[in-house]
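For reference, the structure discussed in these notes is given below.
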Amino acid sequence: MLPDVEAFFIFAVMERTAFIINPFSAKKNYQPFLDELKKKVGNPLYYVSESIPGTDDFIRENFDNVDIFVAIGGDGTISTVARNLINTDKILAIFPAGSGNGFSNETKFSKNLDELLNKIKAKASRKIDTFTVNGRLSINVSGTGFDGKVVKEFEKTTRGFKNYIKVSLKTFFNYKPIKVKFLDEAYQQYNGRYLMLNIANTRQFGNNAYIAPNASKSDGLVDMVLVKKFPLTYSALFAFRMFTKRLKDDEYVTYLPVSEISFKVNTKNWHLDGEFNKIKSPVHVKVQPASLNILI
């Protein structure tokens, strides 16, 4: 491609790219990213998000003139942007700036702006699955029980991986298992008490903690992960397996690959992609196959 033609092509692609920044991610230090973006792109279309409705409005206002929407933040930010792009030809891209970055890890986005800009210039994409929990979108991992409680308490802190570990340990010793009752007769053998219940579209929570090592974001299924409360003697093995992609079915962990499932649970505390939510039972989980277009 001739230099002038290539320059025009790159300009045209960037003209149809929007950057949405969560100013509360990455310890509220987004300015260096924005400075670098302006230096390398020139006059980028960007929005520093003031609220979820503000993000929704920005996307709606620019929808017809933008092909690629870049979410700069953690899994919650990415999910907020993604819900506006479901079942459209618009493309989601990511610059990870959260505390866990599970979804961006699983979709191979790094904290390298040059690498991201090269992907945008190439404009290659593919469709992946998402799922809903009582109609609310999730793109990565959502759950209730122990980790739902952890997220609720974690949001009271200044975040960060160390605080997540502290909150997790404190919560573990005091947490009473949740009661789960499946509505479909085929799954009623799994009724019981659990430390946590997770729905995994990808393999990890974030920080390379692989709760569902065999999950795929493009197979039309999610992995339901049922974890019974285990003794302290098992906790080291559980952690080792989780951080080495070796968690598997055993006396404490059960995997159920499903496309749709309904159940009741005696708590309303959930996290959807790491963001705390109140969700009432009965709970209906449904996969939306090939519903999100993502940059590769």
Would you please test Lys121 and Met14 for side chain to side chain contact (heavy atoms under 4.5 Å, CB included) and show each step?
-> CA-CA 8 Å; Lys121 292 168 189 174; Met14 289 303 172; 4.1 Å; yes
Are any of the side-chain heavy atoms of [X] and [Y] separated by less than 4.5 Å?
X	Y	result
His271	Asn198	yes
Thr17	Leu45	no
Lys229	Arg193	no
Ile178	Thr144	yes
Ile211	Leu247	yes
Leu292	Lys217	no
Val133	Val283	yes
Leu197	Met224	yes

Rounded distance [0.5 Å steps], [atom1] in [X] versus [atom2] in [Y]:
X	Y	atom1	atom2	value
Arg203	Asn214	CZ	CG	9.5 Å
Ser142	Phe205	OG	CZ	10.0 Å
Ile139	Ile78	CD1	CD1	5.5 Å
Ser235	Leu237	OG	CG	9.0 Å
Tyr30	Asn22	OH	CG	10.5 Å
Ile120	Ile68	CD1	CD1	5.5 Å

Restricting to ring-ring contact (aromatic ring centres under 6.0 Å, His included), what partner residues turn up for [X], sequence neighbours left out?
X	value
Phe69	none
Tyr255	none
Phe238	Phe230

Shortest non-hydrogen contact from [X] to [Y]?
X	Y	result
Leu137	Ala82	CD2-C, 4.0 Å
Asp273	Ser138	OD1-OG, 2.9 Å
Phe58	Asn62	O-ND2, 2.8 Å
Asp129	Asn201	O-ND2, 2.9 Å
Val265	Trp270	CG1-NE1, 4.3 Å
Gly73	Asn101	O-OD1, 4.0 Å

Going by the ring pair (Phe, Tyr, Trp, His ring centres under 6.0 Å) test, which pairs reach into residues 70-122, not counting sequence neighbours?
-> Phe33-Phe95
Pair listing, salt bridge (charged side-chain N to carboxylate O under 4.0 Å, His left out) test, anchored in residues 73-83, at least two apart = Asp56-Arg83
Name all pairs fulfilling the salt bridge (charged side-chain N to carboxylate O under 4.0 Å, His left out) condition that reach into residues 249-270, sequence neighbours left out, sorted by first residue then second.
-> Arg241-Asp250
List for me each residue that meets salt bridge (charged side-chain N to carboxylate O under 4.0 Å, His left out) alongside Asp219, sequence neighbours excluded, and say none if there are none.
-> none
Residues forming a side chain to side chain donor-acceptor pair (under 3.5 Å) with Ser110, sequence neighbours excluded = Glu115
Ser291: what forms a side chain to side chain donor-acceptor pair (under 3.5 Å) with it, not counting sequence neighbours?
-> Thr130
Does CD belonging to Glu185 count more than 12 external heavy atoms closer than 6.0 Å?
-> no
Is there any side-chain hydrogen bond (donor to acceptor under 3.5 Å, both in side chains) pair reaching into residues 38-50, and which pairs are they, with sequence neighbours excluded?
-> Glu36-Lys40, Lys38-Tyr46, Lys40-Asp114, Ser49-Thr55
Please list, chain by chain and in numerical order, all residues satisfying side chain to side chain contact (heavy atoms under 4.5 Å, CB included) with Tyr190, sequence neighbours excluded.
-> Phe182, Tyr187, Tyr194, Leu226, Thr254, Leu256
For Asp67, what residues pass the side chain to side chain contact (heavy atoms under 4.5 Å, CB included) criterion, not counting sequence neighbours?
-> Arg16, Lys90, Lys123
Check: Thr88 side chain, Leu85 main-chain N or O, donor-acceptor pair, under 3.5 Å = yes
Return yes if some donor-acceptor pair links the side-chain N/O of Asn277 with the main-chain N/O of Ile279 below 3.5 Å, else return no.
-> no
Indicate if Phe240 and Tyr252 have the same hydrophobic cluster label, given that clusters are the connected sets of ILVMFWY residues with side-chain heavy-atom separations under 4.5 angstrom.
-> no
